[in-house]
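For ligands, and for the atoms within them, numbers begin at 1 and follow the listed sequence.
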Amino acid sequence: MTDFLKGLNPVQHQAVTTINGPVLVIAGPGSGKTRVLTFRIAYLLAQGIPPHQILALTFTNKAAREMKERIGHVAGPKASQVWAGTFHSLFSRILRIEADQIGYPQDFTIYDTEDSKNLIASIIKEWNLDKEAYPTNGIRNRISSAKSNLLTPKAYEMNAEQMSNDQASRIPQFHKIYTEYVARCRKAGAMDFDDLLLQFFRLLQEKPEIAEKYRKRFTHILVDEFQDTNFLQYGILKKLTLYPGSPRNICAVGDDAQSIYAFRGATIDNILDFEKDFQGLQTFKLEQNYRSTRHIVEAANKVIGYNKRQIRKTIWTDQEEGHRIKMIKAINDTEEGRRVIDAIMELKNRDHLPNHEMAILYRTNAQSRIFEEHLRRHNIPYKIFGGQSFYQRKEVKDLIAYLRTVVNARDEEALKRVINFPKRGIGDSTMQQMAQVAADESITLWEALVKAGGSTRSGKAIAKFIEMMNGFREKTETLNAYDLALWVAKESGLYGEYAADHTIEGISRKENIQALLDGIQEFTESDEEVYTGEVKDKSLASYLQNIALLTDADEGADESDYVSLMSVHAAKGLEFQAVFLVGLEEQLFPSFMSMNSQDEIDEERRLFYVAITRAKMYLWLTFAQSRYRYGQMRYNEPSRFLEEIDTENLEETGGMVQELEAAVAPKARVGGAARPAVQVAASARSFDAASFTPSPAGMIEAGMKVMHLKFGQGDVLMVDGARDNRVATILFSEIDNPERRIMLKFAKLMILE
Ligand code: ATP
Ligand code: MG
């Protein structure tokens, strides 16, 4: 029954089968930590532990699904009943059962980042505070970090250090904003993302009977990526496992060298504290890397060696040395994009790598655009993780806001979004009055609207809106989520509004609404996922909660074979045969925002370490000597991290390694601005103008790569017309307005390939 254990090395085997008492696995990337967790769950099931007693906390829902799938192979259908998911998703499930214990409605709303920001922005506006001194984003982050450190508004006020800090940072009103924000969320029956942790913590803290219930319930707790848990998450773990008579069956796995969420309050101290908090802890060290070939492992070891503060570990591999790491130096970001796609094509053609074995990783989401364009041009399917995701699109948010208002009338951010969309004559000033009434009388915005009514034009419009919403609400009793959503989309006028818009944008909006409805239908029809020990809850409230918690990396992955594009942060825990790590330039990676101290640089280096250790076989590191950023052309120095890799592990491509060494020598690093402007056409792929010989115009065909003396290298997209009138549409990626129509009779073009 436990045959599967054969797939483990001796230390992994021990870590899997030591199921009583606290266990910690601290080990480097690719050493099988996640595998240990997966096998451990299978092992627990094989020992007869009921699946719903196992709580497995993973980094994304996607990771949880994959884990369940793998356990399914060894343990069968029981696997789907294991409580595996993110901290946020699992605890919100519990909160939905217990919300009334801490004064929240059962159908509380989850405010996403945008809702939180909107709410903060309206407080700042209402109070006439200076927007520059109180930037919405900054305030939100500050609130988030206060919550993650268990600083409630009250605790915050008592904390002299925080308060004087705020004075010094010229945001003396912060505490008041925080207090108001929390009060309004409460009034709206809403929890933001941090509340899902904080309120769960409170529940365990303030309600001993509830704490006991869940302590009994979750007899075995497992945590992946433990290095990135914050103070609050760790606090919850302790509440669940440290109490008199506890079996303390907790198994945490992680790697301090891959901690990349310090900015969100994750702290390496958790690992050190774990050792102190859990006496008798059994620690296992895994040292063999099963993921990557030798060149990659060596480079990773070398790079991370530059970080001072870390738990020393060695990672080795018995795999072959593999391919050296390739470096691409591009003239500009467009060329960087093109060369990455060239390499992808080569991997597809020569090595027959499927798309899903390739990933492009970048430091900032904004870098994806150029790669997207090139991939599209080559008809290579790709998928972006993060960035503007489906659920962030306006029309999708509109319909969801309607549904949220139906489920929870107190949900103020949703209500404000839908009250006058489609337009029904309830303007801003009316809404401001309503907000005032709500504030004066300490009632919710919805209640203020209900009271308003009246014979004025806006009064009538409000009454009609209320009537409509109440009508929707009545239907929640009888309709399932899909039927209800369809009804709301039509009756609210939302669907009609988008259907009437025949522009391309309008059409895609309508399609998105349709796609959302399809998603809801799928939810009501499928029986898996949301396992709460009872029958699946198919209500609208349950649906809304599900989608509120989709992490960027989870969004509707279809089965098709695509190249993955994502930020390095989102790539944690994943692996690919080929990885392209792009934009390796000073100021970009390391980020200009994180170059102020050694600690910040170290965190960037850990991020770099995470990135390169995603690769199994092929690793490309690319940088562009110039790129547009914030509307300006900038010249870049190669990233310092490139210099930290031994040349022994790098592929020599046309003397580039030596060149790079010269470029990153310390003296060359100052004064990047003084670099000569790039000679576009002549320098593309070390092209030599003297060797330019035009090819006969008749030979130019679509699909070719050509060189134009002035415009540089281009891709022939299309040729139309005949004989002397043949015109080529060519994409010269190195120039502005890159797409040019060129009369072949007159043009001088040289065929490159
Ligand atoms: P990361 O720190 O990046 O999350 P990890 O330590 O969690 O890495 P895993 O993802 O569990 O590492 O394992 C890396 C790869 O090595 C996976 O493909 C896994 O299946 C494989 N692997 C791990 N252990 C073994 C083993 N004993 N035998 C064969 N393959 C293994
Ligand atoms: Mg892992």
Side-chain angles (χ1 to χ4, degrees), residues 2-17 23-43 56-71 73-74 84 86 222-229 251-261 266 271 283-294 296-297 299-301 303-304 310-311 313-319 322 356-357 359 361 553 564 566 568-579 581 606-617 619:
T2 48
D3 258 6
F4 57 88
L5 294 178
K6 288 197 191 110
L8 298 169
N9 69 31
V11 189
Q12 291 175 332
H13 186 283
Q14 257 193 313
V16 164
T17 53
V23 166
L24 177 66
V25 179
I26 291 295
S31 59
K33 296 182 297 297
T34 303
R35 188 174 172 107
V36 161
L37 279 198
T38 310
F39 279 59
R40 191 179 166 92
I41 295 172
Y43 185 73
L57 296 153
T58 58
F59 184 63
T60 57
N61 293 319
K62 183 173 173 230
R65 259 197 310 273
E66 275 171 17
M67 197 177 259
K68 281 187 186 177
E69 231 167 71
R70 281 196 236 162
I71 307 164
H73 291 312
V74 273
T86 62
L222 305 93
V223 193
D224 200 359
E225 309 279 3
F226 182 65
Q227 77 278 0
D228 282 328
T229 48
C251 170
V253 311
D255 178 7
D256 55 301
Q258 293 185 70
S259 154
I260 53 177
Y261 281 96
I271 295 180
T283 306
F284 298 96
K285 287 202 162 133
L286 311 174
E287 300 195 326
Q288 180 170 0
N289 176 305
Y290 289 90
R291 178 180 294 147
S292 315
T293 49
R294 219 189 65 216
I296 296 170
V297 171
N301 275 338
V303 166
I304 202 62
Q310 58 169 319
I311 301 169
K313 332 179 231 327
T314 29
I315 276 284
W316 58 275
T317 175
D318 67 1
Q319 291 197 39
H356 67 261
E357 282 295 354
L361 309 182
S564 299
M566 67 187 88
V568 179
H569 278 101
K572 197 167 70 152
L574 306 180
E575 56 186 24
F576 303 90
Q577 289 291 348
V579 166
L581 179 58
R606 288 194 294 271
L607 203 50
F608 180 71
Y609 179 68
V610 168
I612 61 179
T613 53
R614 301 306 98 202
K616 292 181 174 175
M617 288 254 270
L619 176 60

Any nitrogen or oxygen of [X] lying under 3.5 Å from a nitrogen or oxygen in ligand 1? Just yes or no.
X     : result
Gly30 : yes
Arg70 : no
Gly32 : yes

Please confirm whether the backbone N or O of [Y] pairs with a side-chain atom of [X], one donor and one acceptor, at under 3.5 Å?
X      : Y      : value
Lys33  : Val25  : no
Asn301 : Thr314 : no
Asn289 : Pro29  : yes

Return the residue, atom name and 0.1 Å-rounded distance of the protein heavy atom closest to [atom].
atom                    : result
atom 27 (N) of ligand 1 : Gln12 OE1, 2.8 Å
atom 4 (O) of ligand 1  : Gly573 CA, 3.6 Å
atom 16 (O) of ligand 1 : Tyr290 CB, 3.2 Å

Practice item. Please check if any side-chain donor atom of Glu225 sits under 3.5 Å from a side-chain acceptor atom of Gln227, or the reverse. Key: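 Per modelled atom types, Glu225 and Gln227 side chains form a pair under 3.5 Å.
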Exercise for review: Could you point out which residue of Thr58, Thr34, Thr38, Thr229 forms a side-chain hydrogen bond (donor to acceptor under 3.5 Å, both in side chains) with Asp224?
Suggested key: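 In the set Thr58, Thr34, Thr38, Thr229, the residue that makes a side-chain hydrogen bond (donor to acceptor under 3.5 Å, both in side chains) with Asp224 is Thr34.
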Review point. Under 4.0 Å from ligand 1, counting heavy atoms only, is it the side chain of Asn9, its backbone, both or neither?
Key: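 Only the backbone of Asn9 comes within reach of ligand 1.
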Nearest heavy atom to [atom] wins, so pick from [options].
atom                    : options                      : answer
atom 2 (O) of ligand 1  : His13, Lys33, Lys616, Glu575 : Lys33
atom 3 (O) of ligand 1  : Arg614, Lys6, Lys572         : Arg614
atom 10 (O) of ligand 1 : Arg291, Gln227, Arg35        : Arg291

Please could you name the atoms of ligand 1 that [X] approaches to less than 4.0 Å, counting only its heavy atoms?
X      : result
Gly7   : 26 (C), 27 (N), 28 (N)
Gln258 : 2 (O), 3 (O)
Gly28  : 6 (O)

Review point. Is the ring centre of Phe39 less than 6.0 Å from the ring centre of His13?
Key: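 No - the distance between ring centres of Phe39 and His13 does not fall below the 6.0 Å cut-off.
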Practice item. With rounding to the nearest 0.5 Å, note down the distance linking CD1 in Ile296 to CD in Gln319. Key: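 Answer rounded to 0.5 Å: 8.5 Å.
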Check your understanding: If you measure from OG1 on Thr17 to CG on Leu5, what distance do you get to the nearest 0.5 Å?
Key ->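 So the OG1 of Thr17 and the CG of Leu5 are separated by 7.0 Å.
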Check your understanding: In this structure, are over 12 heavy atoms from other groups packed under 6.0 Å from Lys313 atom NZ?
Key ->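 Yes, NZ of Lys313 has more than 12 neighbouring heavy atoms, counting only those of other groups under 6.0 Å.
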